[in-house]
Asks: 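If you scroll down you'll find the structure; I have some questions about it.
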Amino acid sequence: MAQAAAVAKQPAPPRRRRGSATPRRLPYLLIAPAVLLMLGFIAYPVLSVFYYSLQHYNPTKPWRNGYAGFDNFTRIFTEDPQFWDTLVFSAKWVVVEVGLQLLFGLALALIVNQTFVGRSLGRAMVFSPWAVSGVLTSAIWVLLYNSQTGITRYLADMGIGEYGTSWLSDTSTVFPAAVVADLWRGVPFFAILILADLQSVSKDLYEAAEVDGASRLRQFLHITLPHLKDAIILSTLLRAVWEFNNVDLLYTLTGGGPAGETTTLPLYIANTSVDAHNFGYASALTTVAFVILLFCSMVYLRLSKFGVGGDK
């Protein structure tokens, strides 16, 4: 009885408190400022573009401002031939640039992946153009294409061409000249990504292929390319989006000329908004460009089977 009474007098063990909700919410509280900043700097401008695409908005003509509905979109597809011209040129620009950049970038990556004297210096020289801004790149090539002090003058001194020739003002040469200028800056992007993926290819695969008598070409087709599949798909997609939205180089290099020969859709949008101050119509053009890029990206990833069958 005494023992039972002693046990009864002992204080009950403290109840375990339920886990506080604050530790579980702490990670979300820590990332909340970054999320709010992203919403402010990304979501708000995107939603603003969608809003103004349904408006007539021109600060220089406030009496015409107001709700437009789908009038801007109707005008784009039925009354604006320049939209189709710039869209066709944008597609041509993307296909040519991305295709050539991939080809040369792959070749450079394979070269600098080999072991040779001065490889580190060679890699630095290959990658250095990617560190140059688009405006500075175009300024460099404007000087190179200058008819008085650039390449054409030295070619004329050697008897090739005529003095005073400007490749950027001739409709037959402006596109190749712009392509070369952008290649100089875009090729290192592919070289960097492909070289990084090449570093992870097992040497045992190549040694086994050599034992089986496989040639260099067969090794490249059956070992290297399958390994690089996802890297090539991702890099071409990213570069295609960037080239489609290319404004700085073409704007500084050619201004969209001559005679609108190098005007891409984003450059047309920039001219419509900045020069003509027609922000409502420019927002509608931006919305259409966004839908086109989204649709093409989804189709490309679907057809290329990104991430499928890429076991290494």
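Computed from a prediction, not measured in an experiment: that's the story for all the values here.
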Asks: May I ask you to decide if A178's main-chain N or O and D182's side chain share a donor-acceptor pair within less than 3.5 Å?
Replies: no

Asks: Rounded to the nearest 0.5 Å, how far does CG of D197 lie from CG of L234?
Replies: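 So the CG of L234 and the CG of D197 are separated by 10.0 Å.
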
Asks: Of all the heavy-atom pairs spanning Y145 and V180, show the shortest one and how long it is.
Replies: OH-CB, 3.8 Å

Asks: Less than 4.5 Å apart, side chain to side chain, heavy atoms only: is that true for F244 and L265?
Replies: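 Yes, at least one pair of side-chain atoms sits under 4.5 Å.
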
Asks: Minimum heavy-atom separation for W167 and T173, please, with both atom names.
Replies: O-OG1, 2.9 Å

Asks: L108 and I194: side chain to side chain contact (heavy atoms under 4.5 Å, CB included), yes or no, with the steps?
Replies: CA-CA 9 Å; L108 282 177; I194 293 175; over 6 Å; no

Asks: Decide whether H227 and S200 meet the rule of one side-chain donor and one side-chain acceptor closer than 3.5 Å.
Replies: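 Indeed, the side chains of H227 and S200 share at least one donor-acceptor pair under 3.5 Å.
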
Asks: If you compare all heavy atoms of I232 against all heavy atoms of Y300, which two are closest, and at what distance to 0.1 Å?
Replies: O-OH, 4.4 Å

Asks: Within this structure, what is the NZ-CG distance for the pair K92 and L87, rounded to the nearest 0.5 Å?
Replies: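 Those atoms lie 14.0 Å apart.
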
Asks: Which atom names give the shortest non-hydrogen contact between S304 and K229, and what distance separates them?
Replies: O-NZ, 3.5 Å

Asks: Given L26 and L30, is the side chain to side chain contact (heavy atoms under 4.5 Å, CB included) satisfied, shown in steps?
Replies: CA-CA 6 Å; L26 182 60; L30 293 176; 4.2 Å; yes

Asks: Between N72 and A284 (side chain of the first, backbone of the second, donor and acceptor by atom type, cut-off under 3.5 Å), is there such a pair?
Replies: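 Between the backbone of A284 and the side chain of N72 there is no qualifying donor-acceptor contact (under 3.5 Å).
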
Asks: Which atom pair, heavy atoms only, marks the closest approach of L183 to Q101?
Replies: CD2-CG, 3.4 Å

Asks: Taking the side chain from T264 and the backbone from S90, do they hold a donor-acceptor pair closer than 3.5 Å?
Replies: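 No: the side chain of T264 does not pair with the backbone of S90.
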
Asks: Could you tell me whether the side chain of N271 and the main chain of L267 form a donor-acceptor pair under 3.5 Å?
Replies: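 Yes.
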
Asks: Using a cut-off of 6.0 Å, state whether more than 12 heavy atoms not belonging to Y28 lie near its atom OH.
Replies: no

Asks: Assert yes or no for the condition that the ring centre distance of F189 to W242 is strictly below 6.0 Å.
Replies: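 Yes, they do, as the ring centres are separated by less than 6.0 Å.
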
Asks: Taking only residues two or more places apart in sequence, or in another chain, which ones meet S166 in a side-chain hydrogen bond (donor to acceptor under 3.5 Å, both in side chains)?
Replies: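 Only S169 meet the side-chain hydrogen bond (donor to acceptor under 3.5 Å, both in side chains) criterion with S166.
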
Asks: For the CZ atom of F175 and the OG1 atom of T254, what is their distance to the nearest 0.5 Å?
Replies: 11.0 Å

Asks: Is there a path of hydrophobic side-chain contacts, each under 4.5 Å between heavy atoms of I, L, V, M, F, W or Y residues, that connects M158 with L144?
Replies: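 Yes; L144 is reachable from M158 via cluster members.
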
Asks: Apply the ring pair (Phe, Tyr, Trp, His ring centres under 6.0 Å) test between F83 and each candidate in F73, Y268, F77; give the one that qualifies.
Replies: F77

Asks: Please determine whether the number of non-hydrogen atoms from other residues, nucleotides or ligands lying under 6.0 Å from atom CZ of F50 exceeds 12.
Replies: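 More than 12 heavy atoms, drawn from other residues, nucleotides or ligands, come within 6.0 Å of this atom.
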
Asks: When rounded to the nearest 0.5 angstrom, what is the spacing between OG1 in T224 and CZ in F220?
Replies: 6.5 Å

Asks: Report yes if the side chains of W184 and V132 come closer than 4.5 Å at any heavy-atom pair, otherwise no.
Replies: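 Touching, per the 4.5 Å side-chain cut-off.
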
Asks: What I want to check is whether the side chains of Q148 and R153 have a donor and an acceptor closer together than 3.5 Å.
Replies: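 Looking only at side-chain atoms, R153 and Q148 do not form any donor-acceptor pair under 3.5 Å.
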
Asks: Does any donor atom in the side chain of T86 or T263 lie under 3.5 Å from an acceptor atom in the other side chain?
Replies: no

Asks: Side chains of V174 and P258, heavy atoms from C-beta outward: is any pair under 4.5 Å?
Replies: yes

Asks: Give the cluster check for V241 versus L301: same hydrophobic cluster or not, with ILVMFWY residues linked at side-chain heavy-atom distances below 4.5 Å.
Replies: yes

Asks: Does D212 use its side chain to pair, donor to acceptor, with the backbone of A214 at less than 3.5 Å?
Replies: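 Checked: no pair found.
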
Asks: Can you check whether V201 reaches L228 side chain to side chain, under 4.5 Å on heavy atoms?
Replies: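 SC-SC contact between V201 and L228 ruled out.
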
Asks: Side-chain atoms of residues 54-62: list all donor-acceptor pairs with protein atoms under 3.5 Å, sequence neighbours left out, distances to 0.1 Å.
Replies:
{"from": "N58", "atom 1": "OD1", "to": "T60", "atom 2": "N", "distance (Å)": "3.0"}
{"from": "N58", "atom 1": "OD1", "to": "T60", "atom 2": "OG1", "distance (Å)": "2.5"}

Asks: How long is the gap from CZ on R216 to CD1 on I223, to the nearest 0.5 Å?
Replies: 11.5 Å

Asks: Determine the minimum heavy-atom distance between S147 and T152, stating which atoms define it.
Replies: CA-OG1, 3.5 Å

Asks: Are N246 and Y251 close enough that a side-chain donor and a side-chain acceptor fall under 3.5 Å?
Replies: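 The criterion, which ignores hydrogens and geometry beyond distance, is not satisfied for Y251 and N246.
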
Asks: Is there side-chain contact between L237 and S297, with at least one heavy-atom pair below 4.5 Å?
Replies: yes

Asks: S273 and Y281: side-chain donor and acceptor closer than 3.5 Å?
Replies: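 S273 vs Y281: no donor-acceptor pair found between side chains.
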
Asks: Working to the nearest 0.5 angstrom, can you tell me the gap between L195 CG and L106 CG?
Replies: 11.0 Å

Asks: Any Lys/Arg nitrogen of R239 or E243 sitting under 4.0 Å from an Asp/Glu carboxylate oxygen of the other?
Replies: yes

Asks: Can you hop from L136 to W141 via hydrophobic side chains spaced under 4.5 Å?
Replies: yes

Asks: With clusters defined by side-chain heavy atoms of hydrophobic residues (ILVMFWY) lying less than 4.5 Å apart, directly or transitively, does V49 cluster with Y44?
Replies: no

Asks: Taking it one step at a time, do L293 and N245 satisfy side chain to side chain contact (heavy atoms under 4.5 Å, CB included)?
Replies: CA-CA 10 Å; L293 280 178; N245 293 319; 3.9 Å; yes

Asks: With the side chain counted from C-beta on, respond yes when T262 and W93 share a heavy-atom pair under 4.5 Å apart, and no when they do not.
Replies: no

Asks: Establish whether W84 and I292 are linked, either directly or via other cluster members, by ILVMFWY side-chain heavy-atom contacts under 4.5 Å.
Replies: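 Looking at the clustering, I292 is in the same group as W84.
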
Asks: Contact between L39 and V35 at the side-chain level, heavy atoms closer than 4.5 Å - yes or no?
Replies: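 Touching, per the 4.5 Å side-chain cut-off.
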
Asks: Quick check, are the ring centers of F190 and F104 under 6.0 angstrom apart?
Replies: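 Not under 6.0 Å, so no.
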
Asks: With heavy-atom distances below 4.5 Å as the criterion, would you say the side chains of D204 and E207 are in contact?
Replies: yes

